[in-house]
There are 2 protein chains.
Amino acid sequence: MTQLATSTERAVDALRELVLGGEFAAGARLGEMELAARLGVSRTPVREALTRLAAEGLVELSPNRGARVRAWTATELEGIFDLRTSLEPRLAALAVPNAGPEDVATLARLADEMLRVGSPGPGQDLDGIVPLNREFHGTLVALADHPALASALAGAVHAPIVLRNFHTYDEASLRRSLAHHVEIVDAVRAGDPEWAQAVMTAHIRNARAVMVRAAKHQATRQASTRQAGEQEAP
Amino acid sequence: MTQLATSTERAVDALRELVLGGEFAAGARLGEMELAARLGVSRTPVREALTRLAAEGLVELSPNRGARVRAWTATELEGIFDLRTSLEPRLAALAVPNAGPEDVATLARLADEMLRVGSPGPGQDLDGIVPLNREFHGTLVALADHPALASALAGAVHAPIVLRNFHTYDEASLRRSLAHHVEIVDAVRAGDPEWAQAVMTAHIRNARAVMVRAAKHQATRQASTRQAGEQEAP
DNA sequence: TCACACCTGATTGTGTGCAATCTAGGATCC
DNA sequence: GGATCCTAGATTGCACACAATCAGGTGTGA
């Protein structure tokens, strides 16, 4: 299942991972020729990949001016978290009755893994949490089995960007976030939708507090000292 | 503002209108060459238009097998209306404080127009409601000024499909729906977010009842007599 | 010295050709 | 007679070439 049929799909996936992995800074230009060379395909699949990722909200497309990695203002982030607050807890609740023992096991494994690689100390690997976290939330979304809700989230949250940077968490918030994952698993195991819903609400609000603070901080820093980074949004 | 810069954008808009206008049946095949000839461009912009509309959810793309107009099951429709119920009322409430006198005038004009062309009797033009309705809801979305919420709706509702067919309304539901529009305008004019929110909730639930019934009816009809329509989903 | 116009290099937008893949129909074998 | 294989036609996927557009730098004039 790893071997994808078309070059386009491979390009989409590769490019998505590149952006999600933080390979490109927010606002960085994405030249078609450069990407084509990097991915080993022609411009045609790259172009289609950019179109799809633009639809996902990962990149921004302006006519005749190419693609850039999407950047987010503090206001937009607040809106996104506002939305997540109203959607994801419901999703978690919906997931509970649909979760079988093996699903619980999967979620538990992911939560434990995140706890392991995320806890402060030697061996902490903040970048390692990102894919685990994505899979955790993705599993819940799949279990909820509500396509409309799922695509609404996908359409607005562009989750990857939001979930990308665990480096912005302070230690208390990070510990809390990791504990939430474990607690959600317990709620699912106990078959208690309202518990899961409540913890998920707290989980999102916690993340919101961290992200909004970080975005504001970043904004003021950019305003005061305009660093000459190689790639910058105009 | 009508003159779009690139052929691709023109192709996207033209194709969207074609699908929304019911030019193609649900599940109908959309050949690249056929569309290219019809729109007067080459396959390249058509191809890009198809990927964009696929991202919007209007068409479905399968590798090496081309594009088809997206079809919806009754379950999916229920999910979509479930979502709209939780998002659009909030959106209406958010729009209220941002609406100036000219916005109210615009909404009032649209509501009146819909009442005029939609009321049963001579001169009724059900197809004429569609663009007005889209503009009405679109205006509210814009006024709410909540990008994340807006794109969540856009991502899941694929509103056009849902709003496409006013022919499925029975007379009572249609009258009620048209009355809702007027009442929403009054709520906005009165500056009462909760009123607007409540009416919008009723509005969506009313539409939901009509659509879900229609979808189920259609499903049973298709199951019993498989009509040999020119275009059919396989 | 500043403002404006022009020009050039680079990048994107679009058209077209060829190879790969899929669908449909008929022939062959069991 | 039914199922399978094979072939032919059509369609999509991808690459490349050319045209259109944009950004940055340079030169000229006030």
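In what follows, chains are A, B, ... by sequence order, proteins preceding strands, each numbered from 1.
For A:Leu30 and C:dA10, the CG to P distance is 20 Å, given to the nearest whole Å. Distance, A:Met33 CE to D:dC16 P: 13 Å, rounded to whole Å. As a whole-Å value, the separation of B:Arg68 CZ from D:dT12 C1' is 14 Å. Atom CG in A:Leu39 sits roughly 13 Å away from atom P in D:dC14 (whole-Å rounding). Atom pair B:Glu34:CD and D:dA10:P shows a separation of 15 Å (rounding to whole Å applied). Look at CG on B:Leu61: it is 12 Å from C1' on D:dG13, rounded to the nearest Å. Computed from coordinates, the B:Glu32 CD to C:dA20 C1' distance equals 14 Å when rounded to whole Å. Here the C1' atom of nucleotide D:dA15 and the CZ atom of B:Arg47 are 12 Å apart, to the nearest Å.
One finds a salt bridge joining A:Glu48 and B:Arg47 here, because a Lys/Arg side-chain nitrogen approaches an Asp/Glu carboxylate oxygen to under 4.0 Å.
Comparing A:Asn64 and A:Pro45 against DNA chain D, the residue whose closest nucleotide sits nearer the 5' end is A:Pro45.
A donor and an acceptor atom never sit less than 3.5 Å apart when one is taken from the side chain of A:Thr6 and the other from the base of D:dG13. One donor-acceptor pair, N or O on each side, does fall under 3.5 Å between the base of C:dG13 and the side chain of A:Arg43.
For B:Ser7, the listed nucleotide lying nearest its side chain is C:dT14; candidates were D:dA15, C:dT11, C:dT14.
A 4.5 Å side-chain heavy-atom check between A:Val59 and A:Leu15 finds every atom pair outside the cut-off. At least one side-chain heavy atom of A:Phe136 sits less than 4.5 Å from a side-chain heavy atom of A:Leu140.
Between B:Thr44 and C:dT16, a side-chain N or O to OP1/OP2 separation shorter than 4.0 Å is absent.
Using cut-offs of 30° and 60° for the angle between ring planes, the A:His181 and A:His137 rings count as perpendicular.
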